[in-house]
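So the structure is just underneath, and the comments pick up after that.
The figures that follow rest on heavy atoms only: side chains count, while hydrogens, waters and symmetry mates do not. Labels below follow one simple rule: chain letters A, B, ... track the order of the sequence lines, proteins then strands, and each chain is numbered from 1.
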Number of protein chains: 2
Amino acid sequence: MPPRQTQIAGTNAERTKAHNRRVVLGYVQLSDGAGRAEIARSSGLSTQTVSNLIAELEHDRLVVPAGRRRSARGQPPVLYTFNPAGAAALGFEVRPDALLSVLTDLAGTVLWQAQTPLPASDPETVFALMADLAGQARAQCEVPVLGAGLVLPGPFGVEGLSAAGATVLTGWQGFDDAAAQAAEALKLPVIVEKDATAAAIGEAMLGAAQGLDTFCYLYFGAGLGLGVIAQGQPMRGAFGNAGEIGHVIVVPDGLPCDCGNTGCLEQYTSRMALRRHLAARGLLSPDTPPGGGQTDAVAARLLAVEDAALDAWLNEAARLLAPVIGTLENLFDPEAVVLGGALPDRLLDDLIARLDLPRGSVARRRDRARPRVLRGASGRMTGALGGAALVIHDTVTPRLDPAP
Amino acid sequence: MPPRQTQIAGTNAERTKAHNRRVVLGYVQLSDGAGRAEIARSSGLSTQTVSNLIAELEHDRLVVPAGRRRSARGQPPVLYTFNPAGAAALGFEVRPDALLSVLTDLAGTVLWQAQTPLPASDPETVFALMADLAGQARAQCEVPVLGAGLVLPGPFGVEGLSAAGATVLTGWQGFDDAAAQAAEALKLPVIVEKDATAAAIGEAMLGAAQGLDTFCYLYFGAGLGLGVIAQGQPMRGAFGNAGEIGHVIVVPDGLPCDCGNTGCLEQYTSRMALRRHLAARGLLSPDTPPGGGQTDAVAARLLAVEDAALDAWLNEAARLLAPVIGTLENLFDPEAVVLGGALPDRLLDDLIARLDLPRGSVARRRDRARPRVLRGASGRMTGALGGAALVIHDTVTPRLDPAP
DNA sequence: ATCTTAACTCAAAAGATTTGAATTAAGTAT
DNA sequence: ATACTTAATTCAAATCTTTTGAGTTAAGAT
């Protein structure tokens, strides 16, 4: 009868070392060339400890020496830089109709990718396919693969929401279960995350949110998801369902939603909503596949010709989104809100330009250095790339581990 | 030129021990009697390590032996329980007009308290007064005082919001600065937190949110604040301003707010709003002091006689609050949402009973064990008690320390 | 009465960081 | 040119903490 749900583990020398290794590697990654002594000063570790860890990281090819700095007095430090080519990471995004896979180096450069239709989305089928694809990917690269990030659409275990949505997987029990099964199938460490959060980690590691410690990420998939990174760590919620922003009610008695409420944000500001808007005006065939990029292509063309229907949709989407972004600012106090996902860059830029952000917000700081809203990376592989980024994040960012 | 804003510290043997000590103490606190071997199993530590730490904690009087368990085979374990009387914690809540102080034992039992009018709310005056009060408090108790929790109203450093609100302190630079100055004045470790978050920690340690790892806490002060505990840790945001829920817009083109927007939740659902509502109907003198409990007393009386004006206010407050709670559920995925603070219990209970919570929410789980909304502790000292709870939380809950 | 299981304790071993002295290297002043 | 200062790095011994393994104690089961 343990008193906690979340077991908190004790720590020991090995864990201490793993933590310090991440501290050193994380510092090197974010710097462009750092000497041992500088790392020691910043981390509070002794120079000797840093020296040992650097030696180990150099042996593992995760850092490489990059000449000596000159200037100032004293012995010039040997600079070390992060070596993106020293290892690779796998990312898988499972959608109801397809499995998207990438292999990247530690800088997020794609080494290999695949998009595979899914005949069925039950775990057995998917894991078998993933194992096969992982084999192909590993044959392509000569460096060690650190692990795999598995990206699943949420929410999990919710009455109503999960029964109705169009983007739902059946037979998947939850994060922990999926991670264990996937690790077994791939013979690799596996991290499971929902799409918006994985994309947010990707953005933090490799994209527009680099250097941000606390930010919100709005992910335009079929619906609209929210990933929150708070103090460098993804916010998961009690059941892994944090960030279900698509079902925030923005129009009282508005359009009906799968979730049973009316006027959900997702019904107005999402690719699904855009598709419906364009289809209703005859600008898009109603039987366009939901997952495909055809909506994007049409939208991009309409944007170029300043189409009135698209213009109206963008205005409405921006009008409803702006106060929600203000709410996010006031609730999470982020350094910025990032918009990204499966819409064309130009469309997101245009949407951002139309946002009339509320004045009453904790985001209005005198010392503010960057815009309140940023555009992140976009494209179809964003989720899978986020999966790979999870693995990189895990090897680079220190954190307190829960008990195994 | 360190690459991170938030320095991430390395760890060492001493920190390892401090962490493990917290793990053991935290486990004992949440259990009602635990043997060494049980603790070792749950924490992953060896029995010898646990034995050493228990010996140390017993020496410090933080745990006490409580007989042996019988049943099963093998030697019956010596059970240890948390000893609330083994130490004490101070809590201070600074308001523009008053300083509220408490000394509690580790179970949150009040050993001493004081409410002191503030002639001025500049840091020097407040710290001098705090030092004096801390001296009085420490004279009252024979056990060691572990530290002090300093509770301040937010937000900090925001244009517009901070210039306008009625509950603002001037001359206070920020959390870190205040913590250092207070530690200097009190000669004690000091933790600084904003009111809603401190109250939330208090609720988690000692109140309605016991055992909850992830929850939202709505704090009815003069305005309305939100404290979020995610995975056992308070969510602070990038600038310590997370949880400014009072300025979420719930009525388009509604009542004007100090923040510059219109229709903010705080203008409808807060003690300030209640006071205005009752004053406009002649049920309360318009010059009632804002901080006092007079509004509460009048409201309690009106509630008892089922007054129509109060009934209308409660209906309106509940109507606007329900979707906001739904939003919190969908954004934070908490185990529950707790309502507490400076309103009478019965009023909060009545408000909760009137909530018509949205059906489309990730909170609607088949495995849900408790109500979606709970009532927390209430009363004038809630914030200061939260301050003391911060100290207890800090001694009991393991976490990764940032660099000093 | 003996066996089994479980909790606990003692002492030595192992892992990691820290400490302090020595070494190397480059700039700066004499 | 030479000596001094500053800073990074390395080496070896010391320190802190957990782990390991053997041994002890205690209660139920056979």
Could you tell me how far apart I39(B) (CD1) and dA7(C) (P) are, to the nearest whole angstrom?
12 Å
Counting any heavy atom closer than 4.0 Å, what does R41(A) reach on the DNA or RNA strands: base, sugar-phosphate only, or nothing?
sugar-phosphate
On the nucleotide dT9(D), are OP1 or OP2 found under 4.0 Å from the side-chain N or O atoms that R36(A) carries?
yes
Please name all residues satisfying salt bridge (Lys or Arg N to Asp or Glu O under 4.0 Å) with E203(B), sequence neighbours left out, ordered by chain then number.
none
In the structure I gave you, are the side-chain heavy atoms of R22(B) and T397(B) within less than 4.5 Å of one another anywhere?
no
Test side chain to side chain contact (heavy atoms under 4.5 Å, CB included) on D105(B) and L111(B); report intermediate values, then the result.
CA-CA 7 Å; D105(B) 70 9; L111(B) 304 175; 4.3 Å; yes
For atom CD1 of I54(B) and atom C1' of dT17(D), their distance in whole Å
17 Å
All N/O contacts under 3.5 Å from nucleotides 13-18 of chain C to the protein, with atom names and distances to one decimal?
{"residue": "dT17(C)", "atom": "OP1", "partner": "N20(A)", "partner atom": "ND2", "Å": "3.1"}
{"residue": "dT18(C)", "atom": "OP1", "partner": "N12(B)", "partner atom": "ND2", "Å": "3.2"}
{"residue": "dT18(C)", "atom": "OP2", "partner": "S46(A)", "partner atom": "N", "Å": "3.0"}
{"residue": "dT18(C)", "atom": "OP2", "partner": "S46(A)", "partner atom": "OG", "Å": "3.2"}
{"residue": "dT18(C)", "atom": "OP2", "partner": "T49(A)", "partner atom": "OG1", "Å": "3.3"}

For a quick test of reading the model: is some side-chain N or O of S51(A) closer than 4.0 Å to OP1 or OP2 of dT10(D)?
yes
Identify the residue among V63(A), L53(A), V64(A) that makes a side-chain contact (heavy atoms from CB on, under 4.5 Å) with V28(A).
V63(A)
Taking atom C1' of dT17(D) as reference, at what distance in whole Å does atom CD of E56(B) sit?
11 Å
Listed partners of E193(B) passing side chain to side chain donor-acceptor pair (under 3.5 Å), at least two apart
R236(B)
Rounded to the nearest Å, what distance is computed from the CZ atom of residue R21(B) to the P atom of nucleotide dC16(D)?
17 Å
Which nucleotide in the list dA7(C), dA8(D), dT9(D) gets nearest to the side chain of A37(B)?
dA7(C)
N52(A) and E56(A) side chains, donor-acceptor separation under 3.5 Å
no
